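The model shown is predicted, which means the values in this text are computed figures rather than measured ones. Scope of the values below: all heavy atoms of this structure, side chains included, with no hydrogens, waters or symmetry mates.
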Number of protein chains: 2
Amino acid sequence: MSYPVFAVTVDLVVLTVQEGELRVLLVRRGIEPHLDRWALPGGFVHADEDLAAAARRELAEETGLAWPGGHLEQLASYGAPDRDPRGRVVTVAYLALLPDLPAPLAGTDAAAAEWRPIGGQHLAFDHDRILADGVERARSKLEYTPLATAFCPPEFTVAALRQVYEAVWGETIDPRNFHRKATSAPGFVEPTGRSTEGEPGRPAKLYRRGDAALLNPPILRRKDD
Amino acid sequence: MSYPVFAVTVDLVVLTVQEGELRVLLVRRGIEPHLDRWALPGGFVHADEDLAAAARRELAEETGLAWPGGHLEQLASYGAPDRDPRGRVVTVAYLALLPDLPAPLAGTDAAAAEWRPIGGQHLAFDHDRILADGVERARSKLEYTPLATAFCPPEFTVAALRQVYEAVWGETIDPRNFHRKATSAPGFVEPTGRSTEGEPGRPAKLYRRGDAALLNPPILRRKDD
DNA sequence: ACGAGTTATCGTCAAGGTGATGAGAAAAGG
DNA sequence: CCTTTTCTCATCACCTTGACGATAACTCGT
């Protein structure tokens, strides 16, 4: 049998919310091609490794954390013949959503790793498109799934959850209506009984993520007619 | 540089609606491995070929039609180390939705090709899972996108569109409410001015697909609580 | 020709979700 | 103690939904 030979990589779109802003984990490349340019973290899939396992391994390497909670799912694959000058490389992109970790982000292969705001990037390879696809996937999934909790620590307030939506969607949301929807959607959030302390304003009840897989009813973003 | 070597294939989940039933295009394998077992159509990506182009090529080869209309999108990638006994093969699955073609379905590589009902399959490789993922994607996308029109010929009635939903979702829909939703969602369907003739019952107006990318409001399936 | 059957299309109505907004509760800070 | 801040609950008009009645416009059998 003679069929073309490929290399297969995984690339990661790792998103988090810091200071009310959606940010992506980027690395500065330490090797050619695209030396010194910013890129999504990623690497080659090992010989006997599942795709999802490779994604988890790369995520652990790049964040320096074994499993920081959050969410990891396959995004899409990209395989244009000229996307990598080294040869025929197909990449399977994964989307990760993480809470705001005070992570040191030790770079193993890369020269540097940083959380950067979304937008106006000029990344290596076709990573601009992969990033755009990942952000759009995240925005869309926040509507119909409880995935926003993946951006939050184990216990969080309704306001923190709302700020995730505002950061990811880039729009403001009425706190009163959001509170009604978030607490009434079955399985979205569950009360812990505890409350915040020591912060200005009335103390907020603390919640943890519920066990629903789908949000019913969904929390829709404003459709701009 | 020494990194593992992969082969890359595309596999197709080609769905259509025939006789009010959702069906998938399957081929009987003419070569090892899994000789004589049913499988999704697919094949190796050529050396200088884009993934989407490979999917379109395979679709044209398997259906025997250049471009029968319909819809083609990437589904997901599958790359478990042991999924193909020939070695390390990663497959990029595509989902195609086609109108009911009276297609001969000439097999080029395969021993046979047929439209088969969904369910209770035992396909080669990990194709059972790929098929399940494809069907679920189709079911889900019918809610939020005008994709149901991809199952229809260029001109169709509201009833035909409703029967697509019923076949894909496997549930009955009230014709009156569906008519209201389908005709009121902007950009979903556009009237042609023509009507059906010679069929029993009141003649139905004919529509063609609109230009909307998203269905607003969506057409939701019954949530089974 | 004509009624019966069939299918398409329009209308109505109550229940529930939505956005806009008011108002009270419960803390910190001066 | 009063102001400010933030959280939480309540109200209201509007819209969409599902259930279902009613009518329109054809084919078919006799």
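- Comparing D:dT8, C:dA8, D:dT16 against the side chain of A:Ala204 picks out D:dT8 as the nearest.
- In this structure a side-chain-to-backbone donor-acceptor pair under 3.5 Å is missing from B:Asp126 to B:Arg129.
- The pair B:Glu171-B:Arg221 does not count as a salt bridge, with every side-chain nitrogen at least 4.0 angstrom from each carboxylate oxygen.
- Each of A:Pro203 and A:Arg180 was matched to the nucleotide of DNA chain C holding its nearest heavy atom; the match closer to the 5' end belongs to A:Arg180.
- Using a 4.0 Å heavy-atom distance criterion, B:Glu199 is classed as a sugar-phosphate-only contact.
- A centroid separation of 6.0 Å or more is found between the aromatic rings of A:Tyr78 and A:Phe125.
- At the phosphate of D:dA19, OP1 or OP2 sits under 4.0 Å from a side-chain N or O atom of B:Arg222.
- The listed nucleotides are C:dA8, D:dT8, C:dT18; the one nearest the side chain of B:Arg162 is C:dA8.
- Taking for each of B:Arg176 and B:Lys181 the nucleotide of DNA chain D with the nearest heavy atom, the 5'-most of the two is the partner of B:Lys181.
- For A:Lys205 and D:dC9, the shortest distance from a side-chain N or O to OP1 or OP2 is below 4.0 Å.
- Residues A:Asp174 and A:Gly201 each lie close to DNA chain C; by heavy-atom proximity, the contact nearer the 5' end of the strand is made by A:Asp174.
- Applying the 4.0 Å criterion to OP1 and OP2 of D:dC7, one finds that A:His179 has every side-chain N and O outside that range.
- The base of D:dC7 sits within donor-acceptor range of the side chain of A:Arg202, with an N or O pair under 3.5 Å.
- Counted by atom type alone, A:Asp100 and A:Gln18 present one or more donor-acceptor pairs between their side chains at under 3.5 Å.
- If you measure from atom CD1 of A:Ile173 to atom P of D:dC7, you get 14 Å, rounded to the nearest angstrom.
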